[in-house]
There are 2 protein chains.
Amino acid sequence: MLSERKKKILQAIVEEYVETAEPVSSGSLLKKNDLNISSATIRNEMAELEQAGLLDKPHTSAGRVPSAQGYRYYVDQLIKEDKISFEEIEYIKSKLESRAVELEEVTKIVTNTLAEVTHYTSLAIGPDNAQQIISEIKFVLLGSRILMAIILTENGLIKETMIKFEEDITESQVQSINLIFNAKLKGMPLSEITKPMEEYIISEMKNEINIIKSIIEQINKAIIECQNIYLKGAKNILDMPEFNEVDKAKSFLDIVDKKEFLKNLEQEESVKDINVYIGDENGNEKLKDYSIVTFKHVVNGKNLGTIGIIGPTRMDYSKVISIMKYINKELNNNNKED
Amino acid sequence: MLSERKKKILQAIVEEYVETAEPVSSGSLLKKNDLNISSATIRNEMAELEQAGLLDKPHTSAGRVPSAQGYRYYVDQLIKEDKISFEEIEYIKSKLESRAVELEEVTKIVTNTLAEVTHYTSLAIGPDNAQQIISEIKFVLLGSRILMAIILTENGLIKETMIKFEEDITESQVQSINLIFNAKLKGMPLSEITKPMEEYIISEMKNEINIIKSIIEQINKAIIECQNIYLKGAKNILDMPEFNEVDKAKSFLDIVDKKEFLKNLEQEESVKDINVYIGDENGNEKLKDYSIVTFKHVVNGKNLGTIGIIGPTRMDYSKVISIMKYINKELNNNNKED
DNA sequence: ATTAGCAGTCACTTAAAAAGAGTGCTAATG
DNA sequence: CATTAGCACTCTTTTTAAGTGACTGCTAAT
């Protein structure tokens with residue numbers, strides 16, 4: 001348990017460091033905060049905070065910098081929850097107003113907005129398509145050889161894909177395919193569609209065998225195996241002083257580009273509103289200099305994926321969390337069972 | 001008209017500079033090429049090439065660097081057209097094999113491949129949707145309140161968008177909308193759809209007025225006003241020594257992000273196979289340090305947009321042009337009137 | 001417990017010197 | 001007359017050294 005004074009000092013250090021990106025000295029702390037103590041006392045306190053593992057020192061004659069643990073303490077205990085301005089609220093509201101029909105569109109709008117408002121890199125991972133329950137399948141013939149498959153899920157997702165054939169398809173074939181697929185697959189998770197259709201093909205030996213096979217193959221390839229991932233504002237990090245060396249920027253962009261770390265995020269179960277992973281807390285050594293803040297996009301109890309941002313550990317957690325809480329709330333309000 | 005020897009020297013300078021990114025000295029030219037002349041003679045020749053405006057000199061005691069004009073001469077006269085390896089050919093072939101149905105998918109695959117193979121930033125601009133001729137329109141009801149509009153064009157494009165309604169739509173309404181739209185709009189360019197439908201609404205005063213209005217509005221917003229632009233591999237430029245200062249990288253990413261320069265590209269008319277814009281040749285001062293190489297994606301006489309790459313003027317034109325010629329050829333072969 | 005004050009550390013800045021890479025010119029050469 | 005050896009000159013880059021400044025940690029006084 002930290003003394004009130006230590007808390008105040010830690011908080012001031014985090015906030016100053018987040019703002020300036022320079023190690024914080026006892027002197028500047030004295031100037032910018034009224035703590036009614038001398039710089040020597042601050043130094044003593046800082047030494048103890050360092051002992052406790054909450055602060056780091058780049059070198060002997062530099063000021064202090066929060067450690068990952070220090071940020072963690074800040075996020076858990078000292079954070080300010082209202083660090084969002086009226087302008088930001090208005091801006092976010094205006095962006096979210098657009099009543100996009102598809103989840104993907106909504107997700108895009110949210111990620112764009114998040115990146116714009118936070119100036120970090122935003123990310124979104126859609127729900128696992130394989131686990132979605134089919135509520136309806138429609139097939140539409142485009143021209144004479146292209147079939148469009150549209151799948152609606154109980155979550156409200158709409159997924160479509162095209163299948164091209166080497167021979168003409170007739171409208172009556174489309175009709176019967178429509179009937180078959182809906183009869184066999186309604187209510188099933190997308191991951192399970194192959195088996196019942198194969199069984200059907202074997203048992204009935206209808207003319208549409210090849211068509212059905214192509215359709216299943218294409219749905220697997222284009223919809224089930226494909227995870228929706230969005231990233232926006234990757235170049236924002238170039239504005240941050242910790243990335244003023246191209247190598248560092250490159251290593252960040254590589255991590256972000258590979259998207260490995262995203263997979264864990266969507267699986268992560270959590271009761272919390274907003275999740276904060278500081279440094280390598282989530283076990284990935286490569287992420288030790290970065291923090292990730294996410295929330296689950298849930299509307300009417302339906303999981304619509306995970307949305308968040310990634311940036312350096314020197315992150316404005318108060319602001320990011322305020323903004324994400326607000327966006328999360330708005331997403332819910334906009335979509336109350338309508 | 002340049003002497004053969006001057007040509008050879010210019011070529012060697014361009015190629016060495018493209019490879020090393022360092023100004024080329026008379027000495028290293030002597031070492032790496034067998035020109036059978038002394039470095040002093042090379043220096044004399046270089047001085048003349050500089051006078052002719054084909055070379056630049058960063059400072060008195062540095063080697064020479066090709067000027068924009070020098071690159072231009074190289075591209076027009078000295079280029080090697082077969083600078084593509086067997087591995088590259090195989091790789092490109094394997095990527096293009098995937099018989100994607102939609103133009104957008106094809107375009108994505110091509111841009112990804114281009115960025116991977118060239119290590120520059122690749123770009124693609126779809127054809128102007130507004131000018132596409134409608135060959136068919138289909139409407140599909142998804143659930144009870146979402147209408148999906150699918151537009152096929154004579155170019156073979158497939159565009160779809162969703163419209164959400166506040167009230168239920170019946171299947172019979174969908175049918176009559178299908179009939180009306182196809183009757184009125186088949187054969188028209190997308191830019192012209194608003195008027196005939198408005199006239200129709202006024203003259204007939206059917207029940208579907210609001211539905212039709214919503215549809216037209218949404219088609220305008222989501223399809224006609226939206227230009228398809230792809231960019232891939234923007235971070236590739238961070239690997240190039242000319243961008244080892246973050247500011248330069250940022251200025252490149254800003255240019256690329258704004259996409260202004262792309263608009264001119266699609267309009268550009270040209271008889272040539274491959275178009276090369278070196279520095280500010282295309283009139284944009286901001287692009288003076290960059291070059292753009294493009295080709296028109298044309299299949300069976302149909303314009304499917306422009307594809308290309310952007311990178312520093314110090315670009316491996318021989319390689320880029322070889323690769324783009326190959327891809328262009330493949331795109332044609334794969335799609336011969338089938 | 002707090003603090004003034006000072007020695008000590010370490011990065012950063014500045015200045016000067018040295019090294020290195022190339023050119024341009026001159027004078028000699030075949 | 002084209003070519004070339006050779007050297008003076010220029011300009012960047014590297015190296016070295018000295019100096020400055022920002023902090024801390026400790027000690028001794030309050």
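Just the heavy atoms: all of them, side chains too, but no hydrogens, waters or symmetry mates, feed the values below. What you are looking at is a predicted structure, and each value in this text was computed from that prediction instead of being measured. Sequence lines set the chain letters: A, B, ... in the order given, protein chains first and strands last, and positions in each chain run from 1.
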Quiz item: Partners of B:Ala47 by side-chain contact (heavy atoms from CB on, under 4.5 Å), sequence neighbours excluded?
Solution: B:Arg64

Practice problem: Going 5' to 3' through nucleotides 2-7 of chain D, assign each nucleotide B (protein heavy atom under 4.0 Å from a base atom), S (under 4.0 Å only from sugar-phosphate atoms) or - (no protein heavy atom that close). | Solution: -SBBB-

Quiz item: How would you list, by chain and number, every residue that makes a ring pair (Phe, Tyr, Trp, His ring centres under 6.0 Å) with A:Tyr74, sequence neighbours excluded?
Solution: none

Quiz item: What pairs with B:Glu260 under salt bridge (Lys or Arg N to Asp or Glu O under 4.0 Å), at least two apart in sequence or on another chain?
Solution: B:Lys286

Quiz item: Residues two or more places apart in sequence or in another chain: which of them pass salt bridge (Lys or Arg N to Asp or Glu O under 4.0 Å) with B:Glu242?
Solution: B:Arg314

Self-check item: For A:Lys250, all residues meeting salt bridge (Lys or Arg N to Asp or Glu O under 4.0 Å), sequence neighbours excluded
Solution: B:Asp239

Exercise. Not counting sequence neighbours, which residues clear side-chain contact (heavy atoms from CB on, under 4.5 Å) with A:Asn328? List them please.
Key: A:Asp273, A:Phe295, A:Asn332

Quiz prompt | For atom CG of A:Leu30 and atom C1' of C:dT3, their distance in whole Å | solution = 12 Å

Quiz item: Mind checking what makes side-chain contact (heavy atoms from CB on, under 4.5 Å) contact with B:Glu4, not counting sequence neighbours?
Solution: B:Lys7

Quiz item: Closer than 4.0 Å, any side-chain N/O of A:Lys57 to the OP1 or OP2 of D:dG25?
Solution: yes

Quiz item: What is the distance from CG of A:Leu35 to C1' of C:dA1, rounded to the nearest Å?
Solution: 16 Å

Quiz item: What's the CE-C1' distance between B:Met46 and C:dT23, to the nearest Å?
Solution: 8 Å

Exercise. Can you sort out which residues in residues 8-16 of chain A have a heavy atom within less than 4.0 Å of DNA chain C? Ascending by number, please.
Key: none

Quiz item: Within this structure, what is the NE2-to-P distance between A:His59 and D:dT24, rounded to whole angstrom?
Solution: 10 Å

Quiz item: Paired with D:dT30: which nucleotide, if any, by Watson-Crick or G-U wobble criteria at under 3.5 Å for both distances?
Solution: C:dA1

Self-check item: Pairwise ring-ring contact (aromatic ring centres under 6.0 Å, His included) hits with a residue in residues 231-260 of chain B, at least two apart
Solution: B:Phe243-B:Phe252, B:Phe252-B:Tyr290

Got a list of protein N/O to nucleotides 8-10 of chain D N/O distances below 3.5 Å?
residue: D:dT10; atom: O3'; partner: B:Thr60; partner atom: OG1; Å: 3.3
residue: D:dT10; atom: O2; partner: B:Ser61; partner atom: OG; Å: 3.4

Self-check item: Listed partners of B:Lys319 passing salt bridge (Lys or Arg N to Asp or Glu O under 4.0 Å), at least two apart
Solution: B:Glu88

Self-check item: d(CD, A:Glu50; P, D:dC26) in whole Å
Solution: 11 Å

Exercise. Tell me which nucleotide among D:dG25, C:dG24, C:dT23 gets nearest to the side chain of B:Ser26.
Key: C:dT23

Quiz item: Atom CG of B:Leu29 and atom C1' of C:dT23: how far apart are they, to the nearest Å?
Solution: 14 Å

Quiz item: Is any NZ, NE, NH1 or NH2 atom of the basic residue among B:Asp289 and B:Lys248 found under 4.0 Å from an Asp or Glu carboxylate oxygen of the other?
Solution: no

